[in-house]
Amino acid sequence: MRARSQEPCAARETRPSLTDDIELTLLTSRQEGTVNPFQSLSDAILAAFPALEPGDLVFAQAPNLAVGDVALRTFEPAKKLKLPPPQLATRLATEITYGPEVRAVTTAGPYVNFRLDRGVFGRRIVTQILAERERFGSRDSGKGKKALIEHTSINPNASPHVGRARNAMIGDSLVRLLRFDGYDVEVHYYVNDMGRQIALLVLACQDPSSLTFDQVLQIYVDANARAEAEPEFAAQGYDLLAKMEQGDADTKSRFHAITGLCLKGQLAVLARLGVSYDVFDHESDYIKDARLAQVLEALRAKDAVFTDQDERLVVDLSKIGHAPEEGRYFVLMRANGSSMYGFRDIAYTIDKSERGADINLSVFGEDHKLYAQQIALILEAAGKTAPETVYYSYILLKAGKMSTRQGKVVLLSEFLDEATALAAERVEEQCKDLAPEDRKIIAQNVAVAAVRFTILRVGPNKNVIFDWDTSLSFSGDTGPYVQYSCARINSILRKLGQDLPHPPVQFPTETDSEWALLVKLASFPDTVANAVQTRNCAPIAQYALDTARIFTAFYHDCPVLNADSETQRAARALLCKATHQTLCNALQLLGITAPERM
RNA sequence: GCGCCUGUAGCUCAGUUGGAUAGAGCAACGGCCUUCUAAGCCGUAGGCCGAGCGUUCGAAUCGCUCCAGGCGCGCCA
């Protein structure tokens, strides 16, 4: 499980030795798919109540540490044993012999509260994290499996705005998450290199070779305005599109010049965020896909496709399982024989589904919900499988929704520039002794953290109202706050010297601050597993934030370098290292790196 | 009109496989830098969890109805 170690520098660091009992605990808990530091407690209970199963015992944090170090609810097991919960709680507290690591057991109505030898559990938790390193948190649920994720896929017509970038950030984090959990992930980007809007842009760009990417947005805005005002101009666009589809070489190269320029520019901006792709699929390659004939045949067999009075080729989805009248019809081809976006997309979607991935996932804006359902119905009717979908809601401006056509946008590049400049000011003050190049890198890291964290922290199906001040803040609930706590840990470890001590047998971690941190660290694998299962990275961001906050409380309460004893110093140093490891693992999933100093 | 999503502190958001007193940040006010980075910490104040009804020993979390916002609903992509 550690064979996948990716850090080349990992071997250089001192590795704490493992005792056999801890290695054993790790292995058994791994096999069960849960890393449960409280397993010895549940084992004792299960031995006394054979009717119960491990899943019946839910350990949770007590409402506060004065009540107990860990709490057990009795509602579930009591139901199974047909006992009143408070009665079962009393029996669990009085009749069972727990190991020496349990110091006291009390009840509070239906709850059992355990007071523990925190050092024993703390040592287990820290040792496990330091043994698993950059793999800590992963359960390898995707081992030996493939995943295909398509995300971003924005029109190559302008610089991306932060609303579109939400797709890229969500998609990229899902890629990182699935890779972390063992999947072999291939990232796809669907290049929409044709269609009406691109045609208008091509019309408006006389000499593409003299253009820069940054100029395209204004040209695009103007072209759309013109198409609205002049029907002839709009008609020219359709004509050009038809020529493109018929394979006219000159038209094709004009399209490619523009879409290539735009794609390159877009990818450069996305790369600043740390987002990258493996495969680019071009829409124009799917115009005359052979598989479309099969789909049409299947639809005809179900009497679900017809040519309407305006000579359009239309699917009647009510014939293949679409109940409501709204969204019943799906147009495949225009009267002039040119295909619609959806028709080409069917071919592309089939193409993806035939690549043998165990998970086939697409990230779409919420505006695609009905559309994706329609495609899924058509695919199903043709005996194909539609991809799994993850949707996200729009980022709104105070003045309303963003619109590329109207130029009413906050550009991602603009946002990143602003964030980097602000971060650079802070780095200037804080890291005077560093070389300018190093300071620049730190500023860029902080900016990316601010931007990505702002977006990823929020649940994907929630609208976000974009606000410059909030998004550019580096204090409070932010990515830079998490980075900052990592920098503080690094500072301690740096001053401690090169080698980390071995975990002492006496592992003093008795204060509430230490214990709260340990419990939080131990819950990281659950957080990751939940994120994998729900395809949602937002809880990872929340976890990083909570952990950083709990660490900071520890940082203020518990001196490390000036600890009371050598063993306490060792235990706290290792706890710091374990926290740093866990935070880095969490941040990595969000596409954020923590600088050594900031 | 119909469908999907959302509604939690003044603002931005956590918390929902139902469980002990609903949590952070920002903004406000009051403290803390001869002690591991003040991008920080501590304290004060701030809540009919949109409204109502229901299910349950127990509801922010589940169900129904309403209200408000977002998105979508036949030759855009």
Please give, in whole Å, the distance from [N] [atom2] to [X] [atom1]?
X       : N      : atom1 : atom2 : result
L317(A) : G72(B) : CG    : C1'   : 14 Å
D546(A) : G15(B) : CG    : P     : 10 Å
Y329(A) : C76(B) : OH    : C1'   : 21 Å
I375(A) : A77(B) : CD1   : P     : 13 Å
R344(A) : C75(B) : CZ    : C1'   : 12 Å
Y543(A) : A24(B) : OH    : C1'   : 17 Å
N461(A) : G70(B) : CG    : P     : 17 Å
M333(A) : C76(B) : CE    : P     : 14 Å

base_contact_polar (A77(B) base, N157(A) side chain, donor-acceptor, <3.5 Å):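 No, the side chain and the base share no sub-3.5 Å donor-acceptor pair.
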
base_contact_polar (U21(B) base, N64(A) side chain, donor-acceptor, <3.5 Å): yes

By nearest atom, which of the nucleotides [options] is closest to the [X] side chain?
X       : options                : answer
V464(A) : G70(B), C13(B), U6(B)  : C13(B)
S475(A) : U37(B), C4(B), C26(B)  : C26(B)
Q197(A) : G40(B), G69(B), C76(B) : C76(B)
T552(A) : G40(B), G25(B), G70(B) : G40(B)
K462(A) : C76(B), G7(B), C71(B)  : G7(B)
R312(A) : G74(B), C36(B), A20(B) : G74(B)
E326(A) : G25(B), C36(B), G1(B)  : G1(B)
K369(A) : G72(B), A14(B), C4(B)  : C4(B)
P480(A) : A77(B), A20(B), A39(B) : A39(B)
R549(A) : U37(B), A24(B), A77(B) : A24(B)

Just call it for [X]: base, sugar-phosphate, or nothing, with non-hydrogen atoms closer than 4.0 Å on any strand.
X       : result
L561(A) : base
E366(A) : base
M194(A) : sugar-phosphate
C486(A) : nothing
Y555(A) : base
G459(A) : sugar-phosphate
I465(A) : sugar-phosphate
D557(A) : nothing
A423(A) : nothing
Y481(A) : sugar-phosphate
V458(A) : sugar-phosphate

Considering just the side-chain nitrogens and oxygens of [X], establish if one lies under 4.0 Å of OP1 or OP2 belonging to [N].
X       : N      : answer
Y371(A) : C4(B)  : no
Q430(A) : A39(B) : yes
Y391(A) : U6(B)  : no

For [N] versus [M], give the span between their [atom1] atoms, rounded off to a whole number of Å.
N      : M      : atom1 : result
U55(B) : C64(B) : C1'   : 11 Å
C13(B) : A9(B)  : P     : 11 Å
G31(B) : A45(B) : C1'   : 15 Å
A77(B) : G72(B) : C1'   : 14 Å
A24(B) : C57(B) : P     : 33 Å
U6(B)  : G15(B) : C1'   : 16 Å
A68(B) : G50(B) : C1'   : 7 Å
C73(B) : C53(B) : P     : 38 Å

Watson-Crick or G-U counterpart of [N], or none if no pair lies under 3.5 Å:
N      : value
A20(B) : none
G1(B)  : C73(B)
A27(B) : none
C33(B) : none
A68(B) : U6(B)
A59(B) : none

Syn or anti conformation of G15(B), syn meaning chi within 90° of 0: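 Anti, which is what one calls it when the glycosidic angle falls more than 90° from 0.
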
Anti or syn - C33(B), cut at 90° from 0: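 Syn conformation for C33(B).
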
Would [X] and [Y] pass as an ion pair if we require N to O under 4.0 Å?
X       : Y       : answer
K401(A) : D367(A) : no
K79(A)  : E76(A)  : no
D477(A) : R549(A) : yes
E311(A) : R334(A) : no

Using 30° and 60° as the class limits, which term best fits the ring planes of [X] and [Y]: parallel, tilted or perpendicular?
X       : Y       : value
F59(A)  : F114(A) : tilted
Y190(A) : Y286(A) : perpendicular
Y189(A) : F280(A) : tilted
Y329(A) : F306(A) : perpendicular

Contacts table for residues 368-376 of chain A: side-chain donor-acceptor under 3.5 angstrom, sequence neighbours left out:
from, atom 1, to, atom 2, distance (Å)
Y371(A), OH, D345(A), OD2, 2.6
Q374(A), NE2, G327(A), O, 2.9

Y484(A) aromatic ring stacked with six-membered ring of A39(B), 5.5 Å and 30°: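 Aromatic stack with A39(B) absent for Y484(A).
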
Which pairs of donor and acceptor atoms, one on a side chain in residues 439-450 of chain A, lie under 3.5 Å apart (sequence neighbours left out)?
from, atom 1, to, atom 2, distance (Å)
R439(A), NH1, K432(A), O, 3.2
R439(A), NH1, L434(A), O, 3.2
N445(A), OD1, T593(A), OG1, 3.2

